[in-house]
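In what follows, a single structure is set out as structure tokens and then discussed.
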There are 2 protein chains.
Amino acid sequence: MLSKKTKYAFHALTYLGKHMDQKTVLIQDISEEYGISHKFLENILLELRKAGILGSKKGKGGGYYLIKDPKDVPLSKVIRLLEGPIALLPCVSLNYYEPCAECKNEAKCGLNKVMIQVRDEMLKVLENKTLADILDKE
Amino acid sequence: MLSKKTKYAFHALTYLGKHMDQKTVLIQDISEEYGISHKFLENILLELRKAGILGSKKGKGGGYYLIKDPKDVPLSKVIRLLEGPIALLPCVSLNYYEPCAECKNEAKCGLNKVMIQVRDEMLKVLENKTLADILDKE
DNA sequence: CTTATACCCTATATAATTTATAGGTTTTAT
DNA sequence: ATAAAACCTATAAATTATATAGGGTATAAG
């Protein structure tokens, strides 16, 4: 299951996507809209900015804004950033690979094979669906 | 990512599947084979028994054994039992449904729609692949 | 050029969850 | 009887997730 952090990130991105007409959006506007702690959200937006998804402006009249076209932000990118691996096992993660601690022989591990399939099926959706897709619905 | 508990369950089931010739297998045999704490594993095997996947025999000469044909144990069943929901959001879980806390209108939630797709793709693999499939490889 | 505003950054505290341990109870073969 | 092995429930320890705190820095406006 996705963590609150990741869900909050999606909420924030949705909000920002819906307000692309205005130059900037305040952290506070988003935190009030969804009942998210201001400070917690602040950290999340900071990560999104550092990842190049958001831009920001300091000082009076400042705030955050989407720096990318929503259709160029795959959901997989947001999940990997806030959540970490999408795969169900570290040994099949494309971006956060690690061998499984108790695994003796990855090449012969049956679970490994299946989990590669699961990962690929998940990615088929998550790499192709973007922020734009989740904005459309609302 | 799957918890250790779930991974241990798969290890135990794999071990039991490979030793179906013998009447019973000791917790200790499995815990030693994979370096899992005896007591922790005990709790896991207990859950698998209560779920009707394993049988057990008490007392001297006792132990655990697979009560089901490996091809009749889908991986999804094991994951749901030890891990909980397979879905990435509570609002799209088939077995553990809950509305998302901050969600105002599920019907209009774009993330909801995508996550239903992700869930279905995951299940396409996890419902169809069984214990038998992960035994084959080893 | 001062002030209020709003993001920036890092550290720490709190809460929740996961992992592990503990210890006695019951059943069964010998 | 005795020893073996699962059964069961409670608690402790470790880890991770969530939240808070507080000063730092840039900027617009007057």
Side-chain angles (χ1 to χ4, degrees), chain A residues 1-9 11-12 16 22-32 34-67 79 81-85 88 90 96 98 100-102, chain B residues 1-9 11-12 16 22-32 34-67 79 81-85 88 90 96 98 100-102:
Chain A
M1 301 271 272
L2 299 181
S3 64
K4 285 192 179 182
K5 209 167 156 184
T6 306
K7 285 202 258 178
Y8 290 168
H11 280 133
L16 286 162
Q22 61 191 85
K23 277 199 203 73
T24 63
V25 169
L26 296 182
I27 294 176
Q28 187 153 355
D29 293 342
I30 304 172
S31 76
E32 278 173 6
Y34 297 102
I36 305 171
S37 141
H38 179 109
K39 281 295 199 175
F40 193 41
L41 183 58
E42 189 174 329
N43 290 325
I44 294 167
L45 296 179
L46 214 50
E47 285 195 68
L48 290 167
R49 181 184 60 83
K50 287 180 180 170
I53 296 171
L54 300 183
S56 67
K57 192 158 177 298
K58 283 187 185 177
K60 204 167 191 174
Y64 283 96
Y65 49 91
L66 259 178
I67 209 173
I79 294 177
L81 188 63
L82 282 303
E83 190 82 19
L88 295 185
Y96 297 85
E98 272 183 67
C100 283
E102 338 73 38
Chain B
M1 301 270 272
L2 299 182
S3 64
K4 284 192 180 183
K5 210 167 155 183
T6 306
K7 286 202 258 177
Y8 290 168
H11 280 134
L16 286 161
Q22 61 192 87
K23 277 199 202 74
T24 63
V25 169
L26 296 182
I27 295 177
Q28 187 153 356
D29 293 342
I30 304 173
S31 77
E32 280 174 3
Y34 297 102
I36 305 171
S37 140
H38 179 110
K39 281 296 201 175
F40 193 41
L41 183 59
E42 188 174 328
N43 289 324
I44 294 167
L45 295 179
L46 214 51
E47 284 195 69
L48 290 167
R49 181 183 63 81
K50 285 180 179 168
I53 297 171
L54 299 184
S56 67
K57 192 158 178 297
K58 283 188 185 177
K60 205 168 192 175
Y64 283 97
Y65 49 91
L66 259 178
I67 208 172
I79 294 178
L81 188 63
L82 283 304
E83 190 82 19
L88 295 185
Y96 298 85
E98 272 183 68
C100 283
E102 337 74 38

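Here is how names work: the chains are called A, B, and so on, in the same order as the sequence lines, proteins then strands, and each is numbered from 1.
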Candidate nucleotides [options], ranked by approach to the side chain of [X] - the nearest:
X: B:Ser37; options: C:dT21, D:dC8, D:dT20; value: C:dT21
X: A:Tyr64; options: C:dC8, C:dT26, D:dT20; value: C:dC8
X: A:Lys58; options: D:dA6, C:dC8, C:dA29; value: C:dC8
X: A:Lys57; options: D:dA28, C:dT19, C:dA22; value: D:dA28
X: B:Lys60; options: D:dA5, D:dA4, C:dC9; value: D:dA4
X: B:Lys4; options: C:dT21, C:dC9, C:dT19; value: C:dT19
X: B:Phe40; options: C:dT19, C:dT27, D:dC8; value: C:dT19
X: B:Leu46; options: D:dA4, D:dC8, C:dT19; value: D:dC8
X: B:Tyr8; options: C:dA20, C:dC7, D:dC8; value: C:dA20

Other residues, nucleotides, ligands: >12 heavy atoms within 6.0 Å of B:Glu98 CD: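 Open: at most 12 neighbouring heavy atoms sit under 6.0 Å from CD of B:Glu98.
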How is [X] classified with respect to the nucleic acid when contacts are heavy atoms under 4.0 Å: base, sugar-phosphate, or nothing?
X: A:Lys50; value: sugar-phosphate
X: A:Leu45; value: nothing
X: A:Gln28; value: nothing

Residue from A:Leu46, A:Ile53, A:Thr24 passing side-chain contact (heavy atoms from CB on, under 4.5 Å) with A:Tyr64: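 Result: among A:Leu46, A:Ile53, A:Thr24, A:Leu46 is the only option passing the side-chain contact (heavy atoms from CB on, under 4.5 Å) with A:Tyr64.
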Flag, side chain of A:Gln28 to backbone of A:His38, donor-acceptor distance under 3.5 Å: no
Side-chain (A:Thr6) to main-chain (A:Ile79) donor-acceptor, under 3.5 angstrom: no
A:His11 and A:Tyr34 aromatic ring geometry - parallel, tilted or perpendicular at 30°/60° bounds: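 Ring orientation of A:Tyr34 relative to A:His11: parallel.
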In whole angstroms, how far is the [atom2] atom of [N] from the [atom1] atom of [X]?
X: A:Arg49; N: D:dA26; atom1: CZ; atom2: P; answer: 12 Å
X: B:Glu47; N: D:dC8; atom1: CD; atom2: P; answer: 12 Å
X: B:Asp29; N: D:dA6; atom1: CG; atom2: P; answer: 9 Å
X: A:Leu2; N: D:dA17; atom1: CG; atom2: P; answer: 12 Å

Contact under 4.0 Å: B:Ser3 side-chain N or O vs C:dT19 OP1/OP2: yes
Below 4.0 Å: OP1/OP2 of D:dC7 and any side-chain N or O of B:Ser56: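 For D:dC7, OP1 or OP2 has a side-chain N or O of B:Ser56 closer than 4.0 Å.
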Quiz item: B:Asn43 side-chain donor-acceptor pair to C:dT19 base, under 3.5 Å: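 No, the side chain and the base share no sub-3.5 Å donor-acceptor pair.
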